[in-house]
Amino acid sequence: MAQPKVEKLITAIDIGSWKVSALIAGRTDTGELAILGTGQRESRGVRRGFIADMERTELAVRETVEQAERVAGTNIEDVWVSFSGGSLVSDVVTVERDMGGYRVEQADIDDLLTTGQQGIDPDGRIVLHAQPTCFTINGKVPVKKPIGMHADLLGVDIHVVLADGAPLANLDLCVRGAYLNVNSIVAAPIATGLACLSEEERDLGVALVEIGAGVTNVSLYAGGMLVGLHSIPLGASDITDDIASAFGIRRSQAERIKCFYGSAMQNPRDFREMIEIAPPHGEVAVPGQAAGPNAEGGKITRAALVGVICERLNQIMTEVNAALAGMGFNSTGRQVVLTGGGAEMKGMADYAQGALGRAVRVGRPRGLSAMPEAHSGPAFATLAGLALYGASNPVDLRTMAPAPQTVHRIGAPMWWQRMMRAMKTNY
C-alpha cells in the first residue's frame, strides 16, 4: 500500500522551563497529521516561562530542531512557538452590527470581523490572539453560521489573549537566532486545550490545569472558547528542589527519585520501603553518613519522600482552587483536566480530585498519528497542540483592517450568563 503523500510541513517548538522540545508533522493528502520527527533538549535558559539566558536558550532551540530534522530527514524554516509565561491575560470582546431584519451575507460578517479590532484595548500589552468564537442573532441566540439568517442585530464574541511585549520579543529573538522564521507565537493554554480537550468539553465548560516545571497555568473554557487565564509561579521543579533540599542530594538525583519513586498518594507500604540516595559530593552514598536531615545511612523511606511531595502539591492545589474560584468556576459537577509534566506523577489525578473536590482526569495529546510513545504523555500536550494549531491556522482579527462600528465590552457576569444560555439551548 502506497504511503500517503505529505502536502504541508508544520513544525512546533515548545520552550519550557525544564525542556525544549520540537515536533515536525506532515499533513497528508488524506487530511491526517502525521509525526515525521521529534527532538528534545534540556532547557537551561528559561525560568518560570520567561527567557533568562538568551544564548543558552538559542542553543537549546537549535540543537532540538536539528535533532528533529535528522529524524524527519528534512530541513525546516518556519515554526510555531508556544509561550507559557505568567503575563498572559484573557478577555472577551463583543462587536455588534445593526441588520434591520435583513438577511446576513458574507459581506456583513466580513465587516463585523474587520471592525472587531476597535473593541480590543491592549492597555500597553501585545495582542497575541484575537479570534472570533461565537456569533449571535439579536443579542441572544448563539449560532455557528449566521449566513442566510434574518437578524435585527448581528454580533460576534471575540476571544483576545494579551501578553507583555518584552518577554515575547525575547522569545522571538531566541528562535530567530537559531535561523528559524516564527509563523506565530501561540499561548500555551490554547495549544494545550486543542490537544487535550474535546469540542464538547470546551462547549460545556472545563478547567485545564497545566502543571509545568516552573509555572502552573489554570485556564477556563466555556462556550467553546478560553474565557479565563491565571498563572501560578509554582511547578514540578519546585517539588524537585524540595526533595533535594530535604534529603541533601543533587537536583539530578532528586528528579530521578521523584520520577521513579514519587507519588501523590500515601500508601501504608511506603513506611517500610527504603530508597537508596547519594550525598551531594558523589553518586554513591558513604556508609554510615547521613545524606540529609531526613535521611539516615544513605537511605530514606518512601513515606518521607511522598510527604515532601504532598506538602508542595498541597500549596499548588490551594493556589489552583483559589484561581478557579476567582474565575467563577464554582458549579458542582464541572470537570478539571490535568496536563503538563507534573500530571505524570503517580496518583496525581486522585490527589487533585480530593484536593479540588471535582472530577479530574489526566489529559494526553490526541489528534496526531505516528506519535512516538515517549512523546504521548501529558508533558507533550502543548507541543502536539501547537502542531494542530498550525495545521488549522485559525482566523485572527489582527490581520484585518479596522473600520468604524459600534463596539460593546461585556463584563464577566454578562458573558458568563451568555455562555450558560448557550449551553442550555444546545444541550
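In this text, all values refer to a predicted model and were calculated from it rather than measured experimentally.
- Remark: I109 CD1 to T114 OG1 distance equals 11.5 Å, nearest 0.5 Å.
- For the pair G214 and S17, the tightest heavy-atom approach, listed with the atom from each and the gap, is N-CB, 3.8 Å.
- A search for side chain to side chain contact (heavy atoms under 4.5 Å, CB included) contacts involving T240 returns A254, E255, K258, not counting sequence neighbours.
- Judged by distance alone, the side chain of T382 and the main-chain N or O of A191 form no donor-acceptor pair under 3.5 Å.
- The salt bridge (Lys or Arg N to Asp or Glu O under 4.0 Å) pairs that include a residue from residues 359-371 are E201-R361, E201-R366, where partners are two or more places apart or lie in different chains.
- A donor-acceptor pair under 3.5 Å links the side-chain atoms of T216 to the main chain of L234, judged by distance alone.
- Nearest approach of Q253 to I277, heavy atoms of both residues: NE2-CA, 3.2 Å.
- Put simply, the side chain of D78 does not reach to within 4.5 Å of the side chain of L9, judged on heavy atoms.
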For I158 and T133: C-alpha separation, side-chain torsions, deciding distance, then whether side chain to side chain contact (heavy atoms under 4.5 Å, CB included) applies. CA-CA 6 Å; I158 302 170; T133 55; over 6 Å; no
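- Residues satisfying the salt bridge (charged side-chain N to carboxylate O under 4.0 Å, His left out) test with R70, not counting sequence neighbours, are none.
- Residue pairs meeting the ring-ring contact (aromatic ring centres under 6.0 Å, His included) criterion with at least one member in residues 21-48: none, sequence neighbours excluded.
- Evaluation of the side chain to side chain contact (heavy atoms under 4.5 Å, CB included) rule for A187 yields L88, L128, H129, V161, P189, I190 as partners, not counting sequence neighbours.
- Side-chain contact between T301 and F271: absent, with no pair of heavy atoms (C-beta onward) separated by less than 4.5 Å.
- Under a 3.5 Å cut-off, the side chain of T11 and the backbone N or O of V79 do not form any donor-acceptor pair.
- Listed by first and then second residue, the ring-ring contact (aromatic ring centres under 6.0 Å, His included) pairs that reach into residues 361-385 are H375-F380, sequence neighbours excluded.
- Between I126 and G165, the shortest heavy-atom contact is CG1-CA, 3.4 Å.
- Between D238 atom CG and I309 atom CD1 the span is 13.0 Å, to the nearest 0.5 Å.
- In this structure the side chain of R62 reaches within 4.5 angstrom of the side chain of E58, judged on heavy atoms.
- A donor-acceptor pair is defined here as one N or O able to donate and one able to accept, closer than 3.5 Å; no such pair exists between the side chain of R334 and the backbone of A207.
- A side-chain donor-acceptor contact under 3.5 Å links N321 and R358.
- We find the OG-CG distance between S82 and L171 to be 7.5 Å, quoted to the nearest 0.5 Å.
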For T57 and N170, run side chain to side chain contact (heavy atoms under 4.5 Å, CB included): C-alpha distance rounded to whole Å, both residues' side-chain angles, the deciding distance at 0.1 Å, then the answer. CA-CA 10 Å; T57 303; N170 291 336; over 6 Å; no
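- Inter-residue side-chain proximity for V20 and E63 is flagged as unmet; no heavy-atom pair is nearer than 4.5 Å.
- Between G363 and T339 the shortest heavy-atom distance is O-OG1, 3.3 Å.
- S84 pairs by the side-chain hydrogen bond (donor to acceptor under 3.5 Å, both in side chains) definition with nothing, not counting sequence neighbours.
- Separating the CG atom in L324 from the OG atom in S219 is a distance of 9.5 Å, to the nearest 0.5 Å.
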Would you mind writing out the side-chain donor-acceptor pairs for residues 34-47 within the sub-3.5 Å range, not counting sequence neighbours?
residue : atom : partner : partner atom : Å
R41     : NH1  : Q67     : OE1          : 2.8
E42     : OE1  : R44     : NE           : 3.3
E42     : OE1  : R44     : NH2          : 3.3
S43     : OG   : G16     : O            : 2.7

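- Looking at V81 and I15, their side chains come closer than 4.5 Å, going by heavy atoms from C-beta outward.
- Atom CZ of R256 and atom OH of Y261 lie 10.5 Å apart (nearest 0.5 Å).
- Across all their heavy atoms, I239 and M345 have their closest contact at CD1-CE, 4.4 Å.
- Sequence neighbours left out, the pairs with a member in residues 304-330 that pass salt bridge (Lys or Arg N to Asp or Glu O under 4.0 Å) are D242-R312.
- Interatomic distance, W80 CH2 to I10 CD1, rounded to the nearest 0.5 Å: 8.5 Å.
- N267 places a side-chain N or O within donor-acceptor distance of the main-chain N or O of R269, the cut-off being under 3.5 Å.
- Two residues are said to be in side-chain contact when any heavy atoms from C-beta on lie closer than 4.5 Å; N217 and T192 fail this criterion.
- Counting only residues at least two apart or on different chains, the salt bridge (Lys or Arg N to Asp or Glu O under 4.0 Å) pairs with a member in residues 166-176 are D172-R176.
- Taking all atoms of both residues into account, the shortest heavy-atom contact from I275 to R302 is CD1-CA, 3.8 Å.
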Apply side chain to side chain contact (heavy atoms under 4.5 Å, CB included) to L204 and Q335, showing your working. CA-CA 10 Å; L204 293 177; Q335 190 180 46; over 6 Å; no
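- For residues 7-59, no pair satisfies ring-ring contact (aromatic ring centres under 6.0 Å, His included), with sequence neighbours left out.
- T136 is not listed as a side-chain neighbour of V143, based on a closest heavy-atom distance of 4.5 Å or more.
- With hydrogens and angles disregarded, no donor-acceptor distance shorter than 3.5 Å links the side chain of S245 to the backbone of D241.
- By the salt bridge (charged side-chain N to carboxylate O under 4.0 Å, His left out) test, K19 is found to be paired with no residue, residues two or more places apart in sequence or in another chain being considered.
- By the 4.5 Å heavy-atom criterion applied to side chains, E344 and I211 are not counted as neighbours.
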